[in-house]
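Notes follow the structure.
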Amino acid sequence: MDDSLTTRSAIKETLPTVFGYLGIGIAFGVIGRASGFSTWQIVLMSLIIYAGSAQFTTVSLLAAATPVSSIILATFLVNSRMILMSTTLAPYFKRESTAKNLLLGTLLTDESFALGMNKLNYTEGKLSFTWFNTANWIAYLTWAGASAIGSLLGGIVGDPKQLGLDFAIVAMFMGLLYLQLITDRSLPRSLQLLVVGITLILTYLGMIFLPSNLVIIVVTLIGCGLGVWLKHAFF
């Protein structure tokens with residue numbers, strides 16, 4: 001990464017994350033096809049719902065003839081973490097129009113958010129609409145394309161887990177976390193590693209005691225709260 005906030009810079013810095021989108025998008029397409037959906041239905045889900053993990057939930061619920069109201073609620077809960085991410089990003093785009101902010105929020109993903117937070121380490125705490133919008137669109141189009149590819153391969157690939165596609169998104173986030181740790185010099189390394197450790201423990205406990213669709217948002221709130229307290233109390 002560098003301090004440039006141009007379209008070209010966004011393309012260069014977002015391309016490494018494309019492999020993660022391809023892996024999980026293809027997996028979604030394969031699973032969608034196996035659940036009885038056509039290619040155009042799968043692509044429309046990716047273009048309209050565009051909710052990553054929530055799309056897997058939607059496919060399974062639709063296949064089970066679940067009421068639409070329940071599907072909408074489940075999708076909202078799974079993706080409710082986007083409210084926190086959008087709130088975090090909002091201060092960097094205060095001078096942009098409402099339409100531009102809505103566009104950024106609509107196409108925001110976990111990956112583009114992580115890239116944006118990492119980019120702040122190189123730009124003296126600044127982000128631009130051009131850079132972030134480009135990153136979002138690359139993610140959006142890659143996800144839709146990967147879903148289509150996965151659907152077409154659905155008859156060939158019986159189980160995407162056999163190819164390790166289900167781990168692609170996890171591997172990508174591990175890489176983004178590593179980049180964040182080695183580039184962010186605004187916080188002590190010991191504090192960063194401590195918060196990572198606390199987050200892992202909270203996630204493990206959350207998976208035991210909480211519904212899966214609430215783990216991310218609950219762990220995020222508690223982890224962020226503990227991180228702020230630790231920073232001001234001991235660092």
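If you're wondering where the values come from, they're calculated on a predicted model, not measured in any experiment. For the numbers below, each heavy atom of this structure counts, side chains included, while hydrogens, waters and symmetry mates do not.
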Check whether the side chains of Thr6 and Ser9 place a donor and an acceptor atom closer than 3.5 Å, and report yes or no.
->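 On atom types as modelled, these side chains do not qualify, holding no pair under 3.5 Å.
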Please check if any side-chain donor atom of Tyr122 sits under 3.5 Å from a side-chain acceptor atom of Ser4, or the reverse.
-> no
I need the minimum non-hydrogen distance between [X] and [Y], along with the two atoms involved.
X	Y	result
Tyr50	Leu107	CE2-O, 3.7 Å
Leu115	Thr17	CD1-CG2, 3.8 Å
Asn79	Ala54	OD1-CB, 3.6 Å
Gly32	Val59	CA-CG1, 4.2 Å
Thr75	Ala51	CG2-CB, 4.4 Å

With clusters defined by side-chain heavy atoms of hydrophobic residues (ILVMFWY) lying less than 4.5 Å apart, directly or transitively, does [Y] cluster with [X]?
X	Y	result
Leu102	Met85	no
Val68	Leu73	no
Leu202	Leu191	yes
Val215	Phe76	yes
Val218	Phe209	no

Taking the side chain as everything from C-beta on, heavy atoms only, tell me whether [X] gets closer than 4.5 Å to [Y].
X	Y	value
Lys126	Leu120	no
Thr109	Tyr21	yes
Leu89	Met117	yes
Leu103	Asn133	yes
Leu205	Val219	no
Thr14	Glu111	no
Asn136	Leu104	yes
Leu84	Leu221	yes

Please tabulate, for the side chains in residues 37-48, all donor-acceptor contacts under 3.5 angstrom to protein atoms that are two or more places apart in sequence or on a different chain.
residue : atom : partner : partner atom : Å
Ser38   : OG   : Trp40   : NE1          : 3.0
Ser38   : OG   : Gln41   : N            : 3.4
Ser38   : OG   : Gln41   : OE1          : 3.2
Thr39   : OG1  : Arg33   : NH1          : 3.4
Thr39   : OG1  : Ser151  : OG           : 2.8
Gln41   : OE1  : Ser38   : N            : 3.0
Ser46   : OG   : Gln55   : NE2          : 3.2
Ser46   : OG   : Trp143  : NE1          : 3.2
Ser46   : OG   : Ser147  : OG           : 2.6

Got a second to check how far [X]'s [atom1] is from [Y]'s [atom2], nearest 0.5 Å?
X	Y	atom1	atom2	answer
Glu13	Ile138	CD	CD1	10.0 Å
Tyr92	Phe132	OH	CZ	10.5 Å
Leu152	Ile26	CG	CD1	10.5 Å
Thr106	Asn101	OG1	CG	10.5 Å
Ile72	Ile49	CD1	CD1	9.5 Å
Thr199	Leu226	OG1	CG	8.5 Å

CA sep, side-chain torsions, deciding dist, call: Lys119, Leu5, side-chain contact (heavy atoms from CB on, under 4.5 Å) | CA-CA 9 Å; Lys119 185 70 173 178; Leu5 288 168; 3.7 Å; yes
Test Trp137 against Thr7 for side-chain contact (heavy atoms from CB on, under 4.5 Å), laying out the working first.
-> CA-CA 11 Å; Trp137 274 100; Thr7 299; over 6 Å; no
Please step through side-chain contact (heavy atoms from CB on, under 4.5 Å) for the pair Leu108 and Ser86, ending with a clear verdict.
-> CA-CA 8 Å; Leu108 179 65; Ser86 297; 3.6 Å; yes
Give the C-alpha distance, both sets of side-chain angles, the deciding distance and a yes or no for side-chain hydrogen bond (donor to acceptor under 3.5 Å, both in side chains) between Thr123 and Asp3.
-> CA-CA 5 Å; Thr123 60; Asp3 59 355; over 6 Å; no
Can the ring centroids of Phe56 and Phe28 be said to lie less than 6.0 angstrom from one another?
->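 Ring-ring flag for Phe56/Phe28: true, centres closer than 6.0 Å.
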Report the C-alpha distance between Ser128 and Thr130 in whole Å, list the side-chain angles of each, state the deciding distance to 0.1 Å, and finish with yes or no for side-chain hydrogen bond (donor to acceptor under 3.5 Å, both in side chains).
-> CA-CA 5 Å; Ser128 73; Thr130 299; 4.9 Å; no
